Every structure is written in C-alpha cells, then in structure tokens.
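A short worksheet on the structure shown next.
Residue numbers start from 1 in every chain, and the chains themselves are labelled A, B, ... in the order their sequence lines are given, proteins ahead of strands. None of the values given here were measured: they were computed from a predicted structure.
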There are 2 protein chains.
Amino acid sequence: MDSFAALADPVRRALLRRLAEGPARVVDLAAEHPISRPAVSKHLRVLGEAGLVSAADQGRERHYRLDRTGLEPLTAFLGELAAPAPPVPERALDGLELEVRRTGRDRRATARSTDHINDEETA
Amino acid sequence: MDSFAALADPVRRALLRRLAEGPARVVDLAAEHPISRPAVSKHLRVLGEAGLVSAADQGRERHYRLDRTGLEPLTAFLGELAAPAPPVPERALDGLELEVRRTGRDRRATARSTDHINDEETA
DNA sequence: ACTATTAGTAACTCATTGGTTACCAATACG
DNA sequence: CGTATTGGTAACCAATGAGTTACTAATAGT
C-alpha cells in the first residue's frame, strides 16, 4: 500500500499524530484508540510498508516511531500540483513550501536538508 | 469523501496532475485515461466533494479546474506531523557545555570559537 | 519452571470502492 | 426540426479494506 492509501484512513492518521509525539508500543496505541490490538498491528504494518513508521525491537516489546521520510511522496505530489511558472506563487503554495522546510529542519542539520530522504534502508 | 481518501486513488491523482496544467472537460479527461467517461465523472465528483476541483458550466460543456484550496487539510496534517520544537536540542547542550568550560578557563578565546553555536539561524 | 505480557497471523464478515454498460437530460448544430 | 455531443445517474459486479475473535510465538518476571 502506498503512502497515499496509507494516509487515507483516519485511524492511521491518528496513529501517526500520536507517534509524532514520541515512540510507542502496540498495546499503548491500542489503549489510546477505540480499536483492537490486532487492528492496530495491521495499521502499523501498512504504515511500515509505506515508510511512514519504523520499529525497533526491545526484548518482547516493539517500539514504533514516526518515520518522516515516508512523507516524501506527499510533498512531491504537492509540488507537482504547484502552478507551472507563476511569477507570484499563490498562498496555498506558500504554505506548502513552509511545510517542506519545517519537516526537513527537525533532522537538526539545516544545511543538508535533503539527506533524510535516503537515510534508512528499505523495509 | 475527505481529501485524503480522494488522493488515495492513483487515477484521481493523475486527474489532478492533468488539471494542474489547465482546465478540461470530462470527455477530454476520459480520452487521456484508460477508463470510461462515467468513471471519470465519478472521480470528478469525489474530487469536487473534497474541494480539490471546481466546475464551470459553459453551455452543454462543463469545464473542470484544479482547486488548490482543497489541499489545505493535507498541508495542515503535514504540519501536525512536524516535530514539536525540542525544548533543549542536543547540539545546544554540547555547545553549552563547551562554553561553560571555556568561559571558566579563558574568557577572551570564547568570542571567536563559539560562533558556530548560532550559525544555524543564518540559513 | 511457570505464568503473564507483548505482538503477529489466520480466518472470517461486512461495507465500501472502482469499474462497467445502459439510460436520460440538455445543449449545439446541420 | 432532428441528430449528434456532452455529461450525469442507475444498476450491477468484482475486489479490497477494516474490523473482529481465536490462536501461536517469544520474552520477562516470580
């Protein structure tokens, strides 16, 4: 399932918002959302395939965390939808540009803002 | 159907990319894509409900065009997924520690050698 | 060694979606 | 007029998706 389809589900978006606050285990996420644990597990698998989350095993626990590299297709698509060559970009595009800069900044190296695209192996 | 679900379909994304180039009628879009005209019509309806396209009637023709305001939920969501500004970034701490040691030892050397602490703001 | 906890998978159900063909309404045009 | 063009809707079908319960595997803790 690609990033777009992965983001189509409101539960998965909620999970991502939650993971943006910090890593969590499956049981935690299931406790915070009105669905069963296997359902959360399946959502996390989808998000993992889309490159939106990554997991780290710690003993019997598995800690999931947000992987922002999976958002690249989204920002790329928004870029494609930008007006071809307007001398004065529209307001929506201003917001988009701001957003791209902001997601890149949290890697704490503003200078190399494109490194994060390939910084992890494919799942 | 919300914006996210609307963008989950690759055909709809292709339609939006096409409309980013300029307005088009249903027959045009159907000719450019490997699906029937009613299918295009249904996709356009979904995109319209999501606020991603708007239509203008001209006689018996209906001209669809991209409506970028429908992208706002997308950019908003990306904003929610941006890392909250870390209260105390690691690098700042490293710099602070260095600073403390140097200040205690030699005050004059400090001015020059700590320039890098703030150089991120210049980007 | 035994039990509780954590997490994934299997099998199933139900609803939704994306596509089709057939049909209808409205406008342009000879 | 009558006809072709344009576009939406209806009815239907196959595939997919999101959820459930039940089961299994592995690790932690006593």
Side-chain angles (χ1 to χ4, degrees), chain A residues 1-19 22-67 70 73-74 77 122-123, chain B residues 1-19 22-67 70 73-74 77:
Chain A
M1 189 176 290
D2 61 17
S3 321
F4 294 96
L7 291 177
D9 189 280
V11 172
R12 282 196 287 267
R13 291 198 297 276
L15 290 175
L16 290 178
R17 281 193 213 94
R18 165 60 183 84
L19 290 177
R25 302 171 303 162
V26 180
V27 275
D28 302 328
L29 297 171
E32 297 165 6
H33 295 274
I35 60 177
S36 68
R37 186 187 51 71
V40 171
S41 213
K42 288 206 290 185
H43 280 308
L44 288 171
R45 187 152 79 112
V46 170
L47 291 171
E49 286 170 6
L52 286 161
V53 304
S54 62
D57 284 1
Q58 283 187 21
R60 73 181 158 185
E61 300 182 351
R62 170 166 292 186
H63 292 249
Y64 284 91
R65 66 178 196 72
L66 176 63
D67 185 355
L74 261 222
F77 178 72
T122 56
Chain B
M1 189 175 290
D2 61 21
S3 321
F4 294 95
L7 291 178
D9 189 281
V11 172
R12 282 196 288 268
R13 291 198 298 275
L15 290 175
L16 290 178
R17 282 193 212 94
R18 164 60 183 82
L19 290 176
R25 302 171 304 161
V26 179
V27 276
D28 302 328
L29 297 171
E32 297 165 6
H33 294 274
I35 59 176
S36 68
R37 185 188 51 72
V40 171
S41 211
K42 288 208 290 185
H43 280 308
L44 287 171
R45 187 152 79 109
V46 169
L47 291 170
E49 285 171 6
L52 287 162
V53 303
S54 62
D57 284 2
Q58 283 188 22
R60 73 180 159 187
E61 300 181 350
R62 170 166 290 189
H63 292 250
Y64 284 91
R65 61 186 277 280
L66 177 62
D67 184 355
L74 265 223
F77 178 72

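Between the side chain of B/K42 and the base of C/dG19 there is at least one donor-acceptor pair of N/O atoms closer than 3.5 Å. For D/dT6, its base never sits under 3.5 Å from the side chain of B/R25 at any donor and acceptor pair. Evaluation of atom-type donor-acceptor distances gives a pair under 3.5 Å for the side chain of A/R37 against the base of C/dA7.
Each of A/H43, A/R37, A/R18 was scored for a side chain to side chain contact (heavy atoms under 4.5 Å, CB included) with A/L29, with one residue passing: A/R18.
Regarding B/M1, its CE atom lies at a distance of 13 Å from the P atom of D/dG17, rounded to whole Å. In this structure, the CG atom of B/D57 is 18 Å from the P atom of C/dA25, given to the nearest Å. Rounded to whole Å, atom P of D/dG7 lies 9 Å from atom CG of B/L29. Whole-Å rounding puts the B/E49 CD to C/dT16 P distance at 14 Å. Atom CZ of A/F4 and atom C1' of C/dT17 are 19 Å apart (whole Å). Counting to the nearest Å, the P atom of C/dT17 and the NE2 atom of B/H43 are 12 Å from each other. In this structure, A/R13 places its CZ atom 16 Å from P of D/dG17, rounding to the nearest Å. The distance from atom CG of B/L44 to atom P of C/dG19 is 12 Å, rounded to the nearest whole Å.
Which of C/dA7, C/dT9, C/dT20 sits closest to the side chain of B/P38 comes down to C/dT20. When the nucleotides D/dG7, D/dG19, C/dT6 are ranked by their closest atom to the side chain of A/E61, C/dT6 comes out on top. Side-chain proximity of A/R60 to the nucleotides D/dT27, D/dG19, D/dT21 is greatest for D/dT27. Counting only heavy atoms from C-beta on, A/I35 has its side chain closest to D/dT20 among D/dG7, C/dT20, D/dT20.
Of the possible donor and acceptor atoms, one in the side chain of B/R12 sits under 3.5 Å from a partner among the backbone N and O of B/A6. Looking only at distances, no side-chain donor or acceptor of A/R25 sits under 3.5 Å from a matching main-chain atom of A/E61.
The shortest distance between the side-chain N/O atoms of B/S41 and the OP1/OP2 oxygens of D/dG8 is below 4.0 Å. Look at B/Y64 and you won't find any side-chain N or O under 4.0 angstrom from OP1 or OP2 of D/dT6. At C/dG19, none of the side-chain N or O atoms of B/S36 fall inside 4.0 Å of OP1 or OP2 (strictly under the cut-off).
Inter-residue side-chain proximity for A/L7 and A/L52 is flagged as met; some heavy-atom pair is nearer than 4.5 Å.
Toward the 5′ end of DNA chain D lies the nearest nucleotide of A/D9, the other residue of the pair A/Q58 and A/D9 mapping further downstream.
Taking a cutoff of 4.0 Å between a charged side-chain nitrogen and a carboxylate oxygen, B/K42 and B/D9 do not qualify as a salt bridge.
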